[in-house]
Each structure stands twice: as structure tokens, then as C-alpha cells.
Amino acid sequence: MRKNIVAGNWKMNKTLQEGIALAKDLNEALKQKTVNCDVVICTPFIHLASVAAEIDQTKLGLGAENCADKKSGAYTGEVSAAMVASTGAKYVILGHSERRQYYGETSEILKEKVTLALENNLTPIFCIGEVLAEREAGKHFEVVNTQLKEALFGLSAEDFSKIVIAYEPVWAIGTGKTASSDQAQEIHAVIRQTITEKYGKEVAENTSILYGGSCKASNAQELFAKPDVDGGLIGGAALSVEDFMGIIVAF
Ligand code: PEP
């Protein structure tokens with residue numbers, strides 16, 4: 001059966017010291033409570049090694065927010081999948097809309113990143129989602145299906161099974177506007193159907209599809225109650241233990 005997952009995306013927030021403190025406090029909170037989902041935090045690169053040394057990854061998984069599309073070499077400022085893995089991190093967010101929008105990440109680039117992440121035993125949390133104009137034009141299903149197919153459908157079924165999908169409507173990210181639980185369910189079901197058509201029912205049923213976009217304690221329960229919503233990718237609300245735990249306990 002697929003896993004329920006709540007993953008935090010810290011984005012470009014928290015100094016090293018603040019990040020270590022947040023990770024330690026979250027790890028402590030998770031030790032005190034039995035939860036019904038996997039919990040992951042994805043932090044800036046510079047936090048990874050220090051945070052890995054402070055947390056119990058059987059309770060709190062660790063991931064990066066990105067990795068390079070090249071293996072190694074003269075790519076100043078880049079961080080490779082192998083480097084991420086060497087910190088002890090096990091996950092990597094790929095294809096976040098902010099990376100697509102501000103850093104020009106295309107499906108071609110993302111394909112390379114996914115391959116390198118998998119080669120280094122990292123679990124990609126692969127983001128797809130439409131912008132507002134695309135939803136208003138009724139193109140949201142087509143947009144997410146194209147993003148899926150272009151970047152991921154070259155993978156073998158075995159490799160695809162290692163991917164976590166995050167559906168994140170761009171109009172809901174950091175805006176306080178959440179997709180309704182019915183909107184989330186509708187598009188998650190379409191995504192699962194598209195995966196079924198390519199890889200078969202078993203692979204599709206075992207794929208975790210997370211919802212992201214202004215998810216918070218007050219709406220998480222309704223979203224997570226939907227049959228095809230297997231958890232959340234959380235931005236703003238992952239920056240405080242109280243807010244993040246409020247979402248985690250929604251399962
Ligand atoms: C995100 O950036 O992945 C995200 C879902 O952000 P927020 O929860 O702040 O909307």
C-alpha cells in the first residue's frame with residue numbers, strides 16, 4: 001500500500017542555527033507522539049549534514065529542495081545528487097514551481113535530475129501543477145499530464161515506483177488560497193489514472209500523491225480524507241513545529 005507522507009519545504013528560510021533548532025524540536029515532538037504518516041523535512045543544502053546528525057531518520061526523514069542536473073565537475077554553485085546523498089539525506093524535491101518559474105527548469109532538465117537522484121538512492125518528490133490562467137482555461141489536467149509524461153514517463157516501472165508525486169496548483173502556493181478538497185481529489189484521481197495507463201494499476205495504486213498549496217492544520221484533515229490525497233507538501237506551515245505538527249496529526 002502507498003504511504004501517507006507529510007513533507008516540509010523550508011525554501012530559502014532559516015539560518016543554520018535556526019534550522020538545526022527547528023529540526024531538533026520537531027524530532028523531539030515526533031518522539032512524543034505516534035503518528036500515522038511518514039514525516040520529511042526538505043531543507044536548504046547547507047543545513048543537511050548538520051540536521052542529519054541531530055535527527056532520528058526513522059522518525060523524521062530528511063531531503064534537499066533541489067539538486068544539479070549534472071553529475072559533477074565545473075558547475076560553480078551547484079550541488080550534485082551524490083553530494084546530497086553523502087549528507088545522509090534520503091529525499092529531494094524536484095520540479096518545484098519556483099524552480100520552474102524563476103530558474104527556467106524544463107522537463108528536459110528535470111529528467112536529468114530525476115535520473116541522478118535515483119542513481120544516488122534519493123527519493124524524488126516530484127512537483128507538478130498548473131498556473132491560474134491554465135486552470136481558468138480548463139487546461140489543468142492537460143498541464144499536469146504533460147509535466148508527468150515529459151519528465152517521468154521515460155522511467156522503467158521499477159524506477160517510477162520510487163517517485164513521490166506532489167500536485168501543487170501554483171495559484172495556491174504561498175497565497176493562502178487552497179484548492180478545495182474536491183478540486184484536489186479530482187485532479188489527483190486524474191494523475192493516478194494517467195499513471196495507471198502508463199504503468200498499470202499496481203504501480204499507480206502504490207504511488208503517493210501529495211497535495212501542496214497553502215495546506216495548514218485547519219484544512220489538512222479535509223484534504224487528507226480524500227482517497228487519492230496521500231499527504232501534503234507544506235511550505236509556510238512547515239516553519240513552525242506547532243503548525244507542522246498540526247498538519248501531521250491530521251492523519
Ligand atoms: C510549497 O512551496 O511547496 C508550498 C506548498 O508552499 P505553501 O504551503 O506555503 O503554500
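Read the numbers this way: they start at 1 and go in the same order the structure lists the ligands and their atoms.
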Look up atom OG in S181 and atom CG in L223, then write down how far apart they are to the nearest 0.5 Å.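 One gets 6.0 Å once the value is rounded to the nearest 0.5 Å.
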
Once you round to the nearest 0.5 Å, how far does CG of N219 lie from OG of S214?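 Those atoms lie 8.0 Å apart.
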
Over 12 non-hydrogen atoms of neighbours within 6.0 angstrom of [atom1] in [X]:
X    : atom1 : value
E78  : CD    : yes
E158 : CD    : no
Q221 : CD    : no

Option nearest atom 10 (O) of ligand 1 (shortest heavy-atom distance, choices G212, G174, G129):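 Checking each option, the heavy atom nearest atom 10 (O) of ligand 1 is found in G174.
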
Which residue and non-hydrogen atom of the protein lie closest to [atom], and at what distance in Å?
atom                   : answer
atom 1 (C) of ligand 1 : H96 NE2, 3.2 Å
atom 5 (C) of ligand 1 : E168 OE2, 3.1 Å
atom 8 (O) of ligand 1 : G235 N, 2.8 Å

Just jot down the ligand 1 atoms closer than 4.0 angstrom to any heavy atom of [X], in number order.
X    : answer
G236 : 7 (P), 8 (O), 9 (O)
G213 : 5 (C), 10 (O)
A172 : 10 (O)
K11  : 1 (C), 2 (O), 6 (O)
L233 : 3 (O), 5 (C)

Tell me which part of A237 gets within contact of ligand 1: side chain, backbone, both or neither, using heavy atoms under 4.0 Å. neither

Part of N9 within contact of ligand 1 (heavy atoms, under 4.0 Å):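 The part of N9 near ligand 1 is the side chain, not the backbone.
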
Tell me whether E28 is salt-bridged to K31, with the criterion being a basic N under 4.0 Å from an acidic carboxylate O.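 A salt bridge is present here (some side-chain N lies under 4.0 Å from a carboxylate O).
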
I'd like to know whether the aromatic ring centres of F224 and Y211 sit less than 6.0 Å apart in this structure. no

Shortest non-hydrogen contact from T178 to A172? CA-CB, 4.3 Å

